[in-house]
Every structure is written in structure tokens, then in C-alpha cells.
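Let me begin by presenting the structure, written as C-alpha cells, before commenting on it.
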Amino acid sequence: MRVLITGGSGFVGQRLCRRLVDNGHRVQVVSRAPAKAAKALPEGVDVRSSALDFVDKPPAALVNLAGEPIADKRWSDSQKERLIDSRVNATKELVMLCEQLSQTASAPQVLVSGSAMGYYGDQGGGDDAAPVTEQTTPHDEFVHRLCQRWEDAARGVEAYGVRLAILRTGLVLDQGGGMLKKLLPPFKLGLGGRLGKGDQYMPWIHREDLVEMLLWLIEKPHLSGPFNGSAPQPVTNREFTRAIGRHLKRPTPFPVPALVLETLFGEMSRLLLTGARMVPQRFEEEGFTFRYPTLDQALEDILA
């Protein structure tokens with residue numbers, strides 16, 4: 001089938017493209033820099049600057065991973081708008097594609113649209129924190145409102161008979177990108193440490209398992225609605241810090257006080273100091289098999 005991906009040249013998108021090509025699918029990618037993106041993607045991937053450019057080659061499935069990185073810049077009012085617009089506008093373009101295709105050919109069968117663990121906002125930390133499932137009531141703050149608007153935009157495809165699955169992703173771990181690309185250098189020097197009290201939860205997922213989740217949501221026609229894209233054993237920041245130090249055989253003696261992070265990053269420091277004990281309840285109910293269910297298994301693969 002033809003599968004159209006926004007954000008296909010990103011950390012997750014590149015791996016998804018490779019899996020789809022290897023499985024015999026025809027892959028289409030939307031990128032603001034098509035020539036540059038094509039160099040990073042498998043041979044034969046059709047890269048264009050707008051989803052609407054694919055009206056002549058209707059995709060059967062859509063995967064929406066586009067969005068400006070949330071932690072690259074301090075959250076000024078204008079940056080918040082850019083974070084929202086980059087997600088909502090890309091999603092609305094996919095809705096427009098579905099509308100056009102419903103009139104001229106046939107709309108795609110499914111949209112798998114990205115979201116994030118930030119949908120739930122701060123859900124508390126420590127041993128008393130309750131597991132956060134797809135039914136958990138979110139805490140109202142900026143990251144929740146960002147994800148809510150992203151998800152609401154995606155629901156526009158349902159008017160054209162398109163099945164919608166939403167993937168609320170945790171921290172993606174693998175070699176060469178994601179959070180570990182920034183985190184590992186100081187840890188390798190023995191300069192790592194917990195953030196704040198360290199009791200905030202960090203839902204995580206190995207990139208290979210996340211790609212498998214995306215494929216599941218594309219291929220299984222009975223799956224719709226929100227899904228938590230995280231491993232079944234979330235850990236606190238303190239546990240995460242110790243695990244990295246253990247696998248790198250380095251000490252982690254330098255905690256970063258919350259006040260320092262708040263001074264450096266302002267409101268964006270909440271990404272580092274708060275979290276949610278998010279669990280993939282719906283994937284587990286469906287019998288999804290995790291290749292890397294524990295953090296030690298994931299780090300053993302990534303850092304070996």
C-alpha cells in the first residue's frame with residue numbers, strides 16, 4: 001500500500017520509512033526540504049513539500065509525526081505558538097487531503113496521528129503516583145493544551161470515513177538521536193545526576209518498539225482512539241539516572257536543583273521536573289509484544 005508520512009525524515013520517521021520499504025510498501029514523505037530529506041531516506045521514497053501534492057497518488061494510510069521539537073528553545077509566547085502551529089497546520093493539511101480524495105478517488109483508510117505523554121500533564125511522582133492509562137484525566141497546563149489541539153485537529157479526518165488512531169508517545173530511546181543524543185555526553189564524563197528531586201516519572205520507549213506500534217496501528221483495522229506509546233515499566237528520573245550510570249559504568253553524583261532548571265529554562269523546565277507514570281494499557285490488552293519491556297534491556301541494546 002501507499003503510506004504517506006509527515007515528519008518522515010525525523011528520528012522516528014526515518015526508521016519507520018525503512019521498515020515500510022523493507023516490507024514492500026510505497027512510501028511518501030512530506031518535508032519542508034524535500035531534497036535534503038530524500039538524502040536521509042531509503043531509495044525510492046517519494047518526497048514532496050506538501051501533503052496536497054500527493055492527490056495524484058492517493059495514499060491508503062497516513063502517519064502524522066510532524067512538529068517542531070518541543071525542547072529546543074525557551075517557551076516564549078511566540079515559541080509556544082510555533083510549537084502549536086507546526087503540529088496543527090500539518091495535521092489540518094492531512095484533513096484537507098482526505099477531503100479532496102473523498103471527492104475524487106477514495107480517502108485513506110487510516111490516520112495514525114502523533115501526540116505525546118504531555119497530553120496528561122503533571123500526574124505526580126514517587127511511589128504513590130497512580131498508573132496513567134488512556135482514560136486518565138489530564139492536568140491542564142501548556143503541554144496538555146498543545147497535545148489536545150493536535151489531537152482535535154486530527155479528528156477532522158473522521159468526517160471522511162478515515163479511521164483515526166492517536167499515539168501518545170513517551171521519551172524515544174535509541175542510538176543517534178532522541179533524548180539520549182543530548183544526555184549521554186555529560187554522563188559519559190561522569191557528570192550526570194538526577195533532575196530536581198528525581199521522583200518524576202519518565203515514560204520511555206525504545207524506537208524499535210515505537211515503530212512496531214505505528215505498524216500495528218496502521219495494519220489492524222479495529223484499532224482506533226488514543227494509545228499510550230510507552231514501555232510497560234516507566235521509571236522515575238532517579239531510576240533512569242542510575243540505570244544510565246550503571247550501563248556506562250560511570251558515577252552520577254551531580255544532581256541539578258530544580259531552581260537551577262527553572263532559572264535556565266523557565267516554564268519549559270516542567271518537561272524535566274514533572275511527569276506521568278504512563279503505561280500502555282491498550283497495547284497490552286491487544287497482546288502487543290514488547291521487544292524491550294524494561295529500561296535495562298533497552299539500554300543494553302543501545303549502549304552495548
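Here, residue 1 is the first one in the sequence, and each next residue gets the next number.
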Between G193 and T241, the two heavy atoms sitting closest are C-CG2, 3.6 Å

Closer than 3.5 angstrom, by distance alone: can the side chain of R18 be matched with the main-chain N or O of Q14 as a donor-acceptor pair? no

Test of understanding: with side chain to side chain contact (heavy atoms under 4.5 Å, CB included), list the residues that count as partners of D140, not counting sequence neighbours. H144, R145

Considering only residues two or more places apart or on different chains, which pairs with a residue in residues 264-278 satisfy side chain to side chain donor-acceptor pair (under 3.5 Å)? K80-E267, E141-R270

Sequence neighbours excluded, the answer for side chain to side chain donor-acceptor pair (under 3.5 Å) partners of R74 is none

Have T6 and N64 got a donor and an acceptor in their side chains that come within less than 3.5 Å? yes

Mind listing the closest non-hydrogen atom pair of L97 and P59 along with its distance? CD2-CG, 4.2 Å

Under the side-chain contact (heavy atoms from CB on, under 4.5 Å) criterion, do I70 and L271 qualify, and how do the steps go? CA-CA 9 Å; I70 195 167; L271 291 177; 4.0 Å; yes

T236 vs R194 side-chain heavy atoms within contact, under 4.5 Å: no

Please answer: with hydrophobic residues joined when any side-chain heavy atoms are less than 4.5 Å apart, are L20 and V47 in the same cluster? yes

Residues, nucleotides or ligands: over 12 heavy atoms within 6.0 Å of Q109 CD: no

Close side-chain approach of R291 and H206, heavy atoms under 4.5 Å: no

Quick check on D127: does its CG atom have over 12 non-hydrogen neighbours (other residues, nucleotides or ligands) under 6.0 Å away? no

Salt-bridged, E208 to R15, with N to O below 4.0 Å? yes

Is there a side-chain contact between F288 and R282, using heavy atoms and a 4.5 Å cut-off? no

If every non-hydrogen atom of S113 is compared with every non-hydrogen atom of W150, which pair is closest and at what distance? OG-NE1, 4.4 Å

I want to check something: taking the side chain as every heavy atom from C-beta on, are L248 and L303 in contact at a cut-off of under 4.5 Å? yes

Output all residues satisfying salt bridge (Lys or Arg N to Asp or Glu O under 4.0 Å) with E286, sequence neighbours left out; order by chain, then residue number. none

Is the W75-F142 ring centre distance short of 6.0 angstrom? yes

Pairs satisfying salt bridge (Lys or Arg N to Asp or Glu O under 4.0 Å), at least one member in residues 230-248, at least two apart: R246-D296

Is the shortest distance from a Lys or Arg side-chain nitrogen in D152 or R155 to a carboxylate oxygen in the other one below 4.0 Å? yes

To the nearest 0.5 Å, what is the distance between CD (E68) and CD1 (I84)? 11.5 Å

If you apply the rule ring-ring contact (aromatic ring centres under 6.0 Å, His included), what do you find for F290 with Y292, and how did you get there? CA-CA 5 Å; F290 288 86; Y292 303 100; over 10 Å; no

Checking the side chain of R250 only, and the main-chain atoms of G245 only, is there a donor and an acceptor separated by less than 3.5 Å? no

Measuring from atom OG of S78 to atom CG of L83, what distance do you get when rounded to the nearest 0.5 angstrom? 9.5 Å

CG on L215 to CG on L16, rounded to 0.5 Å: 6.0 Å

Under 3.5 Å, is there a donor-acceptor pair between the side chain of Q175 and the main chain of I302? yes

Check the pair L299, D301 against side-chain contact (heavy atoms from CB on, under 4.5 Å), reporting the backbone distance first and the verdict last. CA-CA 5 Å; L299 292 178; D301 173 71; over 6 Å; no

F227 and F283 aromatic ring geometry - parallel, tilted or perpendicular at 30°/60° bounds: tilted

Hydrophobic clustering (ILVMFWY, side-chain heavy atoms < 4.5 Å, transitive) - are L171 and F240 grouped together? yes

Within the 4.5 Å heavy-atom criterion, are P108 and L111 side-chain neighbours or not? no

Starting from L191 and following side-chain heavy-atom contacts under 4.5 Å between hydrophobic residues (I, L, V, M, F, W, Y), which residues can be reached? L189, F254

Which pairs of donor and acceptor atoms, one on a side chain in residues 176-187, lie under 3.5 Å apart (sequence neighbours left out)?
unit_1 : atom_1 : unit_2 : atom_2 : d
K182   : NZ     : D72    : OD1    : 3.2

Show the atom names and distances, to 0.1 Å, of all donor-acceptor pairs under 3.5 Å that link a side chain in residues 30-41 to residues at least two apart or in another chain.
unit_1 : atom_1 : unit_2 : atom_2 : d
S31    : OG     : A33    : N      : 3.1
S31    : OG     : A33    : O      : 3.3

side-chain contact (heavy atoms from CB on, under 4.5 Å) between L295 and L173, worked out: CA-CA 10 Å; L295 182 60; L173 307 182; 3.8 Å; yes

Between the CZ atom in F11 and the CG atom in L65, the distance rounded to the nearest 0.5 Å is 12.5 Å

According to a 4.5 Å side-chain heavy-atom criterion applied to Ile, Leu, Val, Met, Phe, Trp and Tyr, with indirect links allowed, do V211 and V63 form part of one hydrophobic cluster? yes

Chi angles and distances behind the side chain to side chain donor-acceptor pair (under 3.5 Å) call for T294, Q297: CA-CA 5 Å; T294 71; Q297 288 171 309; 3.0 Å; yes

Across all chains, not counting sequence neighbours, the salt bridge (Lys or Arg N to Asp or Glu O under 4.0 Å) partners of R207 are D174

Whether the side chain of E134 engages the backbone of N228 through a donor-acceptor N/O pair (distance < 3.5 Å, no angle test) should be reported. yes

Should D46 and K57 be marked as a side-chain contact (heavy atoms from CB on, under 4.5 Å) after you check the CA-CA gap, both sets of side-chain angles, and the distance that decides it? CA-CA 10 Å; D46 188 354; K57 293 184 177 180; 4.0 Å; yes

Please report the shortest heavy-atom distance between M278 and P203, naming the atom on each side. CB-CG, 3.7 Å

Taking a hydrophobic cluster as the set of Ile, Leu, Val, Met, Phe, Trp and Tyr residues connected by side-chain heavy atoms closer than 4.5 Å, whether directly or through intermediates, do V55 and V29 fall within one such cluster? no

Whether the side chain of D122 engages the backbone of G124 through a donor-acceptor N/O pair (distance < 3.5 Å, no angle test) should be reported. yes

Under 3.5 Å donor-acceptor, N89 side chain and D85 backbone: yes

The criterion is side chain to side chain contact (heavy atoms under 4.5 Å, CB included); which residues satisfy it with L272, sequence neighbours excluded? L195, L261, F265

Identify every side-chain donor-acceptor pair in residues 156-169 under 3.5 Å, counting partners at least two apart or on other chains, and give the distances.
unit_1 : atom_1 : unit_2 : atom_2 : d
R163   : NE     : P221   : O      : 3.4
R163   : NH1    : L217   : O      : 2.9
R163   : NH1    : K220   : O      : 3.2
R163   : NH1    : L223   : O      : 2.6
R163   : NH2    : L217   : O      : 3.1
R163   : NH2    : I218   : O      : 3.0
R168   : NE     : E151   : OE2    : 2.9
R168   : NH1    : Y120   : OH     : 2.9
R168   : NH2    : E151   : OE1    : 2.9

Determine whether M1 and L4 fall in the same hydrophobic cluster, where Ile, Leu, Val, Met, Phe, Trp and Tyr are linked whenever their side-chain heavy atoms lie under 4.5 Å apart. no

To the nearest 0.5 Å, what is the distance between CD (Q28) and CZ (R2)? 6.0 Å

Interatomic distance, CD@Q123 vs CD@Q200, rounded to 0.5 Å, equals 14.5 Å

Grouping ILVMFWY residues whenever side-chain heavy atoms fall under 4.5 Å, the cluster of L259 otherwise contains none

